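Chain A is the first sequence line, chain B the second, and so forth, proteins listed ahead of strands; every chain is numbered from 1. This one's a predicted model, so the numbers in the text were calculated from it and none came from an experiment. Note: hydrogens, waters and symmetry copies are ignored here, and every other heavy atom, side chains too, is used.
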Amino acid sequence: MTTPHQPETILVCVAWPYANNHLHAGHLAGAYLPADVFARYQRLKGNRVLMVSGSDSHGTPVTVRAEQEGTTPEAVFQRYHRSFLETWKGFGIGFDLFTSTDTANHIEVVQEIFSRLLERGYLYEAEQELLYDPVAQRFLPDRYVEGICPICGFDGARGDQCDNCGSTLDALELKSPRSRLSDATPERRASNHFFLKLSAFTEQLQAWVEPKDFWRPHVRGFTLGMLREGLKDRAITRDLTWGVPIPLDGYNDKRIYVWFEAVIGYLSATKEWAASAANPTRNADDWHDWWTDPSARTEYFIGKDNVPFHTVIWPAILMGYGGLNLPYDVPANQYLTMSGTKASKSRGGVVWLPDYLERYDPDPLRYMMTANAPETSDADFTWDEYVRRNNDELVARWGNLVNRVLTITGRNFDAKVPEPPATLAPESQALLDRVDAAFDTVGADIDRVQLRRALNGAMEVAQAANQYIDARAPWTAVKNDREHAAETLYVTLNVISGLVTLLDPVLPFTCATAWTMLGHTGSIEAGGWRRTPVLAGTALPAPAPLFKKLDDSVVTDEEARLAAQAAG
RNA sequence: GGCAGGGUAGCUCAGUGGUAGAGCAGCGGACUCAUAAGCCGUUGGUCGAGAGUUCAAAUCUCUCCCCUGCUACCA
């Protein structure tokens with residue numbers, strides 16, 4: 001039983017992936033999957049949801065990859081942008097718009113924000129001394145410089161940090177510095193840049209974050225700690241030619257840098273969507289509904305490495321600009337580790353998503369990553385656990401429940417939903433009540449982005465249904481008490497119907513199949529966040545298993561694949 | 001070094017003041033509709049270490065140890 005409610009307006013913002021490589025399992029677990037589960041639930045609930053993100057086409061990694069391949073940043077970005085779109089399709093990540101930072105609209109929005117912040121005195125120009133690679137003819141970010149650590153003497157320390165002793169460094173301190181791009185010795189050069197006056201927002205940010213007691217402890221704690229230490233102004237421009245141009249004369253060789261510009265993508269994507277054919281009203285001003293109506297919720301799904309940009313820098317930009325909604329929540333996930341090691345685009349040893357889809361179905365990975373999501377601490381992915389969850393939980397507990405009930409009904413009741421008695425037995429009514437109540441509890445969990453708990457709550461109902469069936473043994477009753485069996489199957493089919501909707505946010509592909517096997521027409525989403533009743537007499541199509549049981553050889557095969565990848 | 005998160009059964013993890021929990025693995029049992037799945041029972045933990053507060057602490061305070069991440073020109 002769900003209570004009627006006013007539809008909410010919710011913007012689901014998801015991190016913008018660097019378009020410099022394919023996506024791996026860590027991306028999915030960290031941001032894209034939780035965002036999609038959340039958005040699917042909100043749509044089922046009848047809320048007005050817009051889910052946006054896009055490829056980050058700028059940034060050093062894209063440029064570096066292009067140089068390594070002897071091609072252009074545009075070509076690199078285009079290639080991986082297409083890969084991302086395929087990945088979303090394959091895993092059912094339902095963006096309303098997945099654009100990129102390489103659009104005229106985005107550039108316009110970024111420049112408008114830049115100009116207003118400059119006008120208001122939140123940007124200022126100052127000179128800074130940087131390392132320049134004379135061979136590659138580029139200024140070097142700290143981490144692209146290597147040299148001898150001034151603290152421990154380790155040769156191979158990066159400009160930002162020494163991997164040997166863990167010290168935080170300034171690239172200018174390194175002894176015998178060399179560029180990681182060309183091996184050349186970098187030279188010092190002064191350059192003028194625009195700085196964002198973050199220091200001006202410390203108190204305002206503190207007052208904003210302090211009451212957010214519903215934020216995840218690691219997100220809120222990290223943010224408050226950072227504010228306590230005090231914010232330093234940051235340069236938001238770079239000496240580059242690939243990026244958003246500065247909207248002033250005389251800065252042709254400089255660009256606005258990604259960390260300032262990419263977060264603005266949430267706003268520019270909303271504007272792009274509003275003006276596009278995807279918006280039913282075709283009213284370009286609709287972006288206001290998500291950004292200037294204070295009742296709208298904006299939720300940001302990101303990995304923990306992205307927290308400062310979404311709880312400090314982006315809010316500061318919004319405060320400086322004025323009149324736009326600040327983030328409601330930033331449910332950042334921790335990391336997904338691969339058999340104990342951190343997933344990394346560069347280091348390998350990861351499960352690449354396009355590769356996964358060539359061999360397996362999307363729902364089992366969606367399930368596994370929701371059940372074991374890195375919500376409070378890092379979570380480990382192992383193929384052993386993947387196979388176990390698939391076989392024990394999806395196949396055995398849930399898929400088998402559907403299959404056994406549909407099979408018994410098909411064989412004994414002419415493939416039609418049996419007629420229940422006028423009054424249901426107490427245990428029958430209790431089970432139906434339990435499913436209906438789960439819509440409130442599971443829904444509340446998803447709304448707070450406690451997806452692990454939500455999924456667990458739904459799966460407990462599946463377990464209760466198995467217990468109910470076992471206790472009432474319809475396979476026996478069908479021979480000596482048909483009415484008893486009819487009641488059991490009628491009730492269980494209805495419980496399954498509820499479970500299909502409860503599980504749909506996590507398992508959209510298999511739930512769509514199960515939905516039709518229950519004789520329902522239309523979409524699950526149209527049915528809403530409630531148990532869609534299965535009516536007596538409805539014809540049931542022939543059932544088929546929802547999930548495939550996986551052989552243990554999957555574990556050894558995939559582990560060998562990972563090992564080969566890490567070695568090669 | 002600083003900051004943050006975490007350290008609970010063999011494994012993956014719930015559990016923020018009131019007699020230690022789930023799933024899996026192990027062991028035993030009853031059933032047989034179902035992808036040999038499902039169900040019942042059971043073995044197993046000095047809740048990282050120590051001290052403190054309390055009638056009572058996994059849960060609050062302090063110290064220490066270990067793991068992970070961040071430390072702001074990677075985003």
Within the pair [X] and [N], is there a side-chain N or O less than 4.0 Å away from OP1 or OP2?
X: A:Q467; N: B:C40; value: yes
X: A:Y335; N: B:G69; value: no
X: A:Y257; N: B:A75; value: yes
X: A:R452; N: B:A14; value: yes
X: A:R220; N: B:G5; value: no

Heteroatom pairs (N/O) under 3.5 angstrom, protein to nucleotides 7-9 of chain B:
none

Say whether, by atom type as modelled, one donor and one acceptor occur between the side chain of A:Y32 and the main chain of A:A15 under 3.5 angstrom.
yes

When you measure from the side chain of A:D551 to the backbone N and O of A:S553, does any donor-acceptor pair fall under 3.5 Å?
yes

Residues forming a side-chain hydrogen bond (donor to acceptor under 3.5 Å, both in side chains) with [X], sequence neighbours excluded:
X: A:R238; value: none
X: A:S268; value: A:H106
X: A:S179; value: A:D133
X: A:D445; value: A:R448

Do A:R404 and A:N466 have side-chain atoms, one donor and one acceptor, less than 3.5 Å apart?
yes

With a non-hydrogen cut-off below 4.0 angstrom, is [X] in contact with a base, only sugar-phosphate, or nothing?
X: A:T376; value: sugar-phosphate
X: A:L130; value: base
X: A:L198; value: nothing
X: A:D305; value: base
X: A:G230; value: base
X: A:V258; value: sugar-phosphate
X: A:A235; value: nothing

I'd like the [atom1] distance from [M] over to [N], given in whole Å.
N: B:G18; M: B:A58; atom1: P; result: 10 Å
N: B:A72; M: B:A4; atom1: C1'; result: 15 Å
N: B:G7; M: B:G48; atom1: P; result: 7 Å
N: B:G17; M: B:A22; atom1: C1'; result: 22 Å
N: B:U42; M: B:U32; atom1: C1'; result: 23 Å
N: B:A14; M: B:U8; atom1: P; result: 10 Å
N: B:C64; M: B:U19; atom1: C1'; result: 31 Å
N: B:C62; M: B:G21; atom1: C1'; result: 29 Å

Using a strict heavy-atom distance below 4.0 Å, which residues from residues 546-555 of chain A are in contact with RNA chain B?
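Listed by number, they are A:L546, A:F547, A:K549.
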
Could you please name the option among [options] that lies closest to any side-chain atom of [X]?
X: A:P61; options: B:A4, B:C74, B:C13; answer: B:C74
X: A:A262; options: B:G38, B:C70, B:A75; answer: B:A75
X: A:N372; options: B:C70, B:G15, B:C13; answer: B:C13
X: A:L231; options: B:C13, B:A75, B:A72; answer: B:A72
X: A:D378; options: B:A75, B:C13, B:U68; answer: B:U68
X: A:P545; options: B:A75, B:U35, B:A4; answer: B:U35

If the condition is salt bridge (Lys or Arg N to Asp or Glu O under 4.0 Å), which residues does A:D392 pass it with, not counting sequence neighbours?
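In terms of salt bridge (Lys or Arg N to Asp or Glu O under 4.0 Å), with neighbours along the sequence ignored, A:D392 is linked to A:R388.
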
Given atom [atom1] of [X] and atom [atom2] of [N], what is their separation to the nearest angstrom?
X: A:F309; N: B:C70; atom1: CZ; atom2: C1'; answer: 11 Å
X: A:N21; N: B:A75; atom1: CG; atom2: C1'; answer: 16 Å
X: A:M459; N: B:C13; atom1: CE; atom2: C1'; answer: 15 Å
X: A:F222; N: B:U71; atom1: CZ; atom2: C1'; answer: 7 Å
X: A:L401; N: B:G38; atom1: CG; atom2: P; answer: 11 Å
X: A:N333; N: B:C13; atom1: CG; atom2: P; answer: 13 Å
X: A:K304; N: B:G69; atom1: NZ; atom2: P; answer: 7 Å
X: A:N306; N: B:A72; atom1: CG; atom2: C1'; answer: 13 Å

Using atom types as modelled, flag every donor-acceptor pair under 3.5 Å from a side chain in residues 193-205 of chain A to any protein atom, sequence neighbours excluded.
residue : atom : partner : partner atom : Å
A:H193  : ND1  : A:T237  : O            : 3.2
A:H193  : ND1  : A:T237  : OG1          : 2.7
A:H193  : NE2  : A:S191  : OG           : 3.2
A:H193  : NE2  : A:D239  : OD2          : 2.8
A:S199  : OG   : A:D233  : OD1          : 2.8
A:T202  : OG1  : A:S199  : O            : 3.3

Begin with the C-alpha distance, continue with both residues' side-chain angles, and end with the deciding distance and a verdict on salt bridge (Lys or Arg N to Asp or Glu O under 4.0 Å) for A:R472 and A:D481.
CA-CA 11 Å; A:R472 292 180 58 100; A:D481 187 350; over 6 Å; no

B:U46 pairs with which nucleotide, Watson-Crick or G-U wobble, both distances below 3.5 Å?
none

Which residue pairs pass the salt bridge (charged side-chain N to carboxylate O under 4.0 Å, His left out) test with at least one member in residues 308-317 of chain A, sequence neighbours excluded?
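Checked against salt bridge (charged side-chain N to carboxylate O under 4.0 Å, His left out) - neighbours excluded - no pair reaches residues 308-317 of chain A.
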
Indicate for each nucleotide in nucleotides 21-33 of chain B, in 5' to 3' sequence, whether protein heavy atoms under 4.0 Å reach the base (B), only the sugar-phosphate (S), or nothing (-).
--SS-------SB

Test log, rule side-chain contact (heavy atoms from CB on, under 4.5 Å), inputs A:I313 and A:R234
CA-CA 10 Å; A:I313 293 173; A:R234 286 182 65 157; 3.7 Å; yes

What residues form a ring pair (Phe, Tyr, Trp, His ring centres under 6.0 Å) with A:W383, not counting sequence neighbours?
A:Y360, A:F381, A:Y386

Under the ring pair (Phe, Tyr, Trp, His ring centres under 6.0 Å) test, residues paired with A:F139 that sit two or more places apart
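Listed in chain order: A:Y132.
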
According to the interplanar angle, ranging from 0 to 90°, do the rings of A:W314 and A:Y266 count as parallel (below 30°), tilted (30 to 60°) or perpendicular (above 60°)?
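Rings of A:W314 and A:Y266: tilted, as their planes differ by 30° to 60°.
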
The answer to which of A:L394 and A:P217 contacts RNA chain B further toward the 5' end, by nearest nucleotide, is A:P217

